[in-house]
Each structure stands twice: as structure tokens, then as C-alpha cells.
Amino acid sequence: MNATQSDNQTSGLEIISFFLGEQVFSVNIMSVREIRGWAPATPLAHAPRHVMGVINLRGTVIPVIDMALRLGLEAIEPTERSAIIVASVRGQLVGLLVENVSDMVTVAESEIQNVPEVGATEVQRMTTAIIAKDKQMISHLDLESLLDEEGELAA
């Protein structure tokens, strides 16, 4: 095997997948700074419903978003398996509450499909691709759509 063949086998999209209800979602691993266990957030007055509040991350206050609510699903009831994925979105750290983190994998180009046009739900607006991997259909999310044009948490 030559160097080009080796590079082709290792190239692809690196993702972190997670569960929200019975559905599997993913984000690009390059956006993720760390994965933390669940910790209660301090609520913020007048925040959008999906913003649970803020947490202190080593001296930096970051918002925590209930990803299920953000995607129009039922709110997450945090458990010991719940996780907060700390991601950088447009230079801002944001915590993403998920039911549990599933896997960190590299996805081949052949496993990435376009999102079918079936409506304008929040999930579809935020989904950039569908990944067919190991008999699962994973909705790959665009974290940029969490924020509006001004860099504020989208309502």
C-alpha cells in the first residue's frame, strides 16, 4: 500500500455521535473542546426555552443548551449518563446537553448523504448531512445554526 492509499483510508469526517431520545446525532469533532458529565446550570431570566442557563467552566461562564429542545424534541431529563459537550461555535464556548455520548469515529465520504427535503423543521434546518454508519442513520448537525447572525443564541 502506498502513502496515497493510506491517506485515503484515514481521510474523512471525524465526528462525535450522541443520543437525543431514540435518534442519533453528531457534530464535527473539531468543534468539540471537551465532554463533561452533567452539572446543573444556573437559569437565566428571559433566555430562550432551550437555554438551560449557564455553568462555570474553569472561570469562564458558558451557556448550556438543551439540544433536544433546540431541535424541537422533548426536553431532556438529565441523568448520570447525560453529558455536556463543550463546543466552540463562532469563537464562543457553548455547552450542549445530550442524553449520552455514543461514539467518536471517522466517517468515510461514501457514508455521507445529502439531507432529504421533507419540510423545514429545526432538525432539518440544522442538519448538514445524514450519515449511514453501522446500520444507523446519524443526523450531522451544523453548530453554526445554534447562533444567529449576531452571534447570539438563536431563539
Side-chain angles (χ1 to χ4, degrees), residues 1 3-38 41 47-52 55 57 62-155:
M1 178 182 321
T4 304
Q5 289 171 320
S6 176
D7 287 346
N8 287 340
Q9 288 183 345
T10 59
S11 68
L13 177 65
E14 292 185 43
I15 63 168
I16 291 181
S17 63
F18 54 88
F19 281 91
L20 297 173
E22 300 297 315
Q23 298 181 49
V24 183
F25 296 89
S26 70
V27 294
N28 190 320
I29 201 166
M30 297 307 292
S31 298
V32 176
R33 297 298 169 251
E34 67 181 85
I35 299 172
R36 304 174 49 88
W38 163 245
R49 186 169 172 248
H50 59 270
V51 178
M52 298 184 73
I55 61 172
L57 181 67
I62 66 168
V64 176
I65 297 171
D66 181 327
M67 284 302 290
L69 277 178
R70 180 67 181 96
L71 294 169
L73 306 172
E74 292 292 318
I76 294 173
E77 287 295 327
T79 67
E80 66 278 350
R81 292 187 46 83
S82 298
I84 296 175
I85 298 172
V86 178
S88 177
V89 182
R90 294 190 201 162
Q92 176 180 338
L93 289 179
V94 178
L96 313 173
L97 175 64
V98 300
E99 286 188 29
N100 63 9
V101 173
S102 174
D103 218 346
M104 293 178 228
V105 295
T106 301
V107 178
E109 295 275 333
S110 62
E111 296 171 309
I112 302 171
Q113 305 291 320
N114 290 329
V115 179
E117 294 287 330
V118 292
T121 67
E122 282 298 300
V123 174
Q124 290 172 329
R125 189 176 67 74
M126 293 179 64
T127 303
T128 59
I130 300 294
I131 300 168
K133 179 107 176 135
D134 301 328
K135 298 183 183 178
Q136 284 186 319
M137 299 300 269
I138 303 169
S139 296
H140 187 67
L141 300 177
D142 170 27
L143 291 181
E144 298 284 319
S145 63
L146 286 176
L147 304 179
D148 63 19
E149 290 76 31
E150 289 80 40
E152 307 267 326
L153 289 172

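- Counting heavy atoms from C-beta on, the side chains of Glu14 and Met104 never come closer than 4.5 Å.
- Note that CD of Glu80 is 13.0 Å distant from CH2 of Trp38, once rounded to the nearest 0.5 Å.
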Can you check side-chain contact (heavy atoms from CB on, under 4.5 Å) on Leu71 and Leu141, steps first, answer last? CA-CA 10 Å; Leu71 294 169; Leu141 300 177; 4.0 Å; yes

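- The shortest non-hydrogen separation linking Ala129 to Val115 is N-CG2, 3.5 Å.
- The line from NZ of Lys133 to OG of Ser26 is 11.5 Å long, rounded to the nearest 0.5 Å.
- The shortest distance between side-chain heavy atoms of Val105 and Ser17 does not fall below 4.5 Å.
- For the pair His140 and Leu13, the minimum side-chain heavy-atom distance is below 4.5 Å.
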Extract all donor-acceptor atom pairs below 3.5 Å that involve side chains of residues 28-36 and protein atoms in other chains or at least two apart in sequence.
from  : atom 1 : to    : atom 2 : distance (Å)
Asn28 : OD1    : Met30 : N      : 2.8
Arg33 : NH1    : Met30 : O      : 3.0
Glu34 : OE1    : Arg58 : NH1    : 3.3
Glu34 : OE1    : Arg58 : NH2    : 2.4

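- Of all the heavy atoms in Leu69 and His50, the pair that sits closest is CB-CB, 3.8 Å.
- Distance check, rounded to the nearest 0.5 Å: CE of Met137 to CD1 of Ile130 gives 6.5 Å.
- The two residues Asp66 and Ile76 make their nearest non-hydrogen contact at OD2-N, 3.1 Å.
- Rounding to the nearest 0.5 Å places CD1 of Ile62 at 9.5 Å from CD1 of Ile65.
- Between Ser145 and Met126 the shortest heavy-atom distance is OG-CG, 3.1 Å.
- Looking only at side-chain heavy atoms (C-beta outward), Phe25 and Val98 stay at 4.5 Å or farther from each other.
- No side-chain donor-acceptor contact under 3.5 Å links Gln23 to the backbone of Leu20.
- Atom-to-atom distance recorded for Ile138:CD1 and Ile15:CD1 is 4.5 Å, nearest 0.5 angstrom.
- In this structure, Ile84 and Gly95 approach most closely via the heavy-atom pair CG2-CA, 3.7 Å.
- Leu143 CG to Met67 CE: the interatomic distance, rounded to the nearest 0.5 Å, is 6.5 Å.
- Counting all heavy atoms, side chain and backbone alike, Pro78 lies closest to Ser82 at CA-OG, 3.3 Å.
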